[in-house]
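Remarks on the structure that follows.
Numbers for residues simply follow the sequence, beginning at 1.
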Amino acid sequence: MATALNGISPRSESHRQGVLFVFAAGVLWSTVGLGIRLIEDAVVWQILLYRSISLSLFLYVVIRSRTGQTPFAQIRRLGFPAVIAGLSLVAAYSGAIYAIQATSVANAMLLFATAPFLAAVLGWVVLRERVRPATWVAIVVAIGGIAIMVADKSEGSALNGSLAALGSALGFAVFTVALRWGKSGDMLPSVFLSGVFAIFITFAICQYLQLSVLLSPRDGGIAMAMGVFQVGTGLILYTIGSRGLPAAELVLLSLAEVLLGPVWVWVFLGETATFHTLLGGSVLLIAIVGNAVSGKRRRPPPVSG
């Protein structure tokens, strides 16, 4: 009523709120690189273990409060696609953390952004979904950008980090396709399940590799804070905000994650990107923006980073 009296329609107000929520989600997701850089000693499996514990507890409370049901009841309804989605996120998160530890944040974040293109190809192969000609063109351009980005990373940890980043993007793509396969409009139960899976998987890996599951207060605190604020709160904001926004705005707003991630580590830690990363990343961003604008009437399912 107040918005109507002020000359602002409820629809425009809802749109504005949606934009703010999705942008805020991208800002929170963009801090993943800074958070991992601030961790001193923990490796990927230890970080993911602690982050998954806090994420699972947080999402359990949120889902129970929103729906009055436990996440497990919702997962049973979703069935096998939820299991695939959950496992794919474990792979995606593992690859993402390793990539950020092994290569520059800018390189990793830009490669994560290939997930929508990989999802389009997987959807075409697995679900027989039609891929627009403009998307195929964008995929080819994106491949060119990726080739430029990895041209100066022919060996060592930087190459492994780039490959892990692409593997992470593939994990997010499988997650997206699994949600579409299960016709699920709510990704939170599957994300909760991914946290539960990750707790058991990473604990077992830590035991196998003889890694301590007791982290320093600093490392453990940062990892658990990332689970609640960086991943969990970001997902909730995206879920709420994305309901009324068209595809082009969702894709463009989600680029806040890609663009701000390198900014935080540059401002706070002085980390910079190579020329090849910046040039190839620019080509990749052009492909993403061009595909979003050309398909502005289509609304893809959400993908999180």
Worksheet item: Is Ser94 reaching over with its side chain to a backbone N or O of Val90, donor-acceptor style, under 3.5 angstrom?
Response: yes
Discussion item. Between Val141 and Val258, is there shared hydrophobic-cluster membership here, with clusters defined by ILVMFWY side-chain heavy atoms closer than 4.5 Å?
Written reply: no
Discussion item. I'd like to know whether CZ of Phe23 has more than 12 heavy-atom contacts from other residues, nucleotides or ligands below 6.0 angstrom.
Written reply: no
Worksheet entry | Heavy-atom side-chain contact between Leu55 and Val191 under 4.5 Å | yes
Practice prompt. Using atom types as modelled and distance alone, determine if a side-chain donor or acceptor of Asn291 lies under 3.5 Å from a backbone N or O of Ala138.
Written response: no
Discussion item. To check you understand the geometry: which heavy-atom pair defines the closest contact between Ala99 and Ala165, and what is its length?
Written reply: CB-N, 3.7 Å
Practice prompt. Heavy atoms only: give me the nearest Gly234-Leu28 pair and the separation to one decimal.
Written response: N-CD1, 3.8 Å
Fill in: Test side-chain contact (heavy atoms from CB on, under 4.5 Å) applied to Gln46 and Asp219, step by step
CA-CA 9 Å; Gln46 296 167 311; Asp219 286 3; over 6 Å; no
Response to the item:
In this structure, CG of Leu278 is separated from CG of Leu110 (nearest 0.5 Å) by 8.0 Å
Practice prompt. Applying side-chain contact (heavy atoms from CB on, under 4.5 Å), run through Phe192 and Val62 and close with a yes or a no.
Written response: CA-CA 10 Å; Phe192 166 80; Val62 169; over 6 Å; no
Worksheet entry | From CA spacing to verdict: side-chain contact (heavy atoms from CB on, under 4.5 Å), Val177, Glu129 | CA-CA 10 Å; Val177 173; Glu129 294 178 340; over 6 Å; no
Discussion item. Could you tell me if the side chain of Trp45 sits less than 4.5 Å from the side chain of Ile97, heavy atoms only?
Written reply: no
Worksheet item: Can you find a pair of side-chain heavy atoms, one from Leu49 and one from Ile205, that are under 4.5 Å apart?
Response: no
Practice prompt. Kindly indicate whether the side chain of Tyr93, heavy atoms from C-beta on, has any atom under 4.5 Å from the side chain of Arg51.
Written response: yes
Worksheet, complete the sentence: In short, Phe197 meets Val83 closest at the heavy-atom pair CE1-O, 3.8 Å
Item to complete: Establish whether Leu89 and Phe58 are linked, either directly or via other cluster members, by ILVMFWY side-chain heavy-atom contacts under 4.5 Å.
Response: yes
Discussion item. Are Val27 and Ile236 connected into the same hydrophobic cluster when the rule is that any two of I, L, V, M, F, W, Y join if their side-chain heavy atoms are below 4.5 Å apart?
Written reply: yes
Worksheet item: Can Met149 and Ser162 be said to form a side-chain contact (heavy atoms from CB on, under 4.5 Å), step by step?
Response: CA-CA 9 Å; Met149 291 174 65; Ser162 296; over 6 Å; no
Discussion item. How long is the straight-line distance from OG1 of Thr233 back to CH2 of Trp29, given to the nearest 0.5 Å?
Written reply: 11.0 Å
Worksheet item: Given side chains that start at C-beta, do those of Ser52 and Thr202 come closer than 4.5 Å, heavy atoms only?
Response: no
Worksheet item: Okay, side chain of Tyr50, backbone of Leu215: is any donor-acceptor separation there less than 3.5 Å?
Response: yes
Practice prompt. State, to 0.1 Å, how close Met109 and Val32 come at their nearest heavy-atom pair, and which atoms those are.
Written response: SD-CG1, 3.9 Å
Discussion item. Within a 6.0 Å radius of atom CH2 on Trp181, are there more than 12 heavy atoms belonging to other residues, nucleotides or ligands?
Written reply: yes
Item to complete: Identify the heavy atoms of Leu38 and Arg218 that sit nearest to each other, and give their distance.
Response: O-NH2, 2.9 Å
Fill in: Min side-chain heavy-atom separation Ile84-Val174 under 4.5 Å
yes
Worksheet item: Which heavy atom in Tyr98 sits nearest to a heavy atom in Val44, and how many Å separate them?
Response: N-CG2, 4.0 Å
Response to the item:
The reported gap from CZ in Phe72 to CG in Leu193 (rounded to nearest 0.5 angstrom) is 8.0 Å
Discussion item. Can a donor-acceptor pair be found, under 3.5 Å and without considering hydrogens, that links the side chain of Ser190 to the backbone of Gly86?
Written reply: no
Worksheet item: Side chain of Thr103, backbone of Ile100: donor and acceptor closer than 3.5 Å?
Response: no
Practice prompt. May I ask you to check whether Gln74 and Thr67 show a side-chain donor-acceptor distance below 3.5 Å?
Written response: yes
Worksheet entry | Separation of Gln230 CD from Ile222 CD1 (nearest 0.5 Å) | 12.5 Å
Worksheet item: When hydrophobic residues are tied together by side-chain contacts of less than 4.5 Å, even through go-betweens, does Tyr60 share a cluster with Leu78?
Response: no
Worksheet entry | Short side-chain to backbone donor-acceptor contact, Ser88 and Phe175, under 3.5 Å | yes
Worksheet item: Between the side chains of Trp264 and Thr31, does any donor sit under 3.5 Å from an acceptor?
Response: no
Worksheet item: Is any side-chain heavy atom of Leu255 closer than 4.5 Å to a side-chain heavy atom of Val289?
Response: yes
Discussion item. Just so I know, are the side chains of Phe112 and Leu166 near enough to count as touching, which here means a heavy-atom distance under 4.5 Å?
Written reply: no
Discussion item. If you count heavy atoms of other groups shown closer than 6.0 angstrom to CZ of Phe229, is the number above 12?
Written reply: no
Worksheet item: Near Trp136 CH2, under 6.0 Å, is it more than 12 heavy atoms from other residues, nucleotides or ligands?
Response: yes
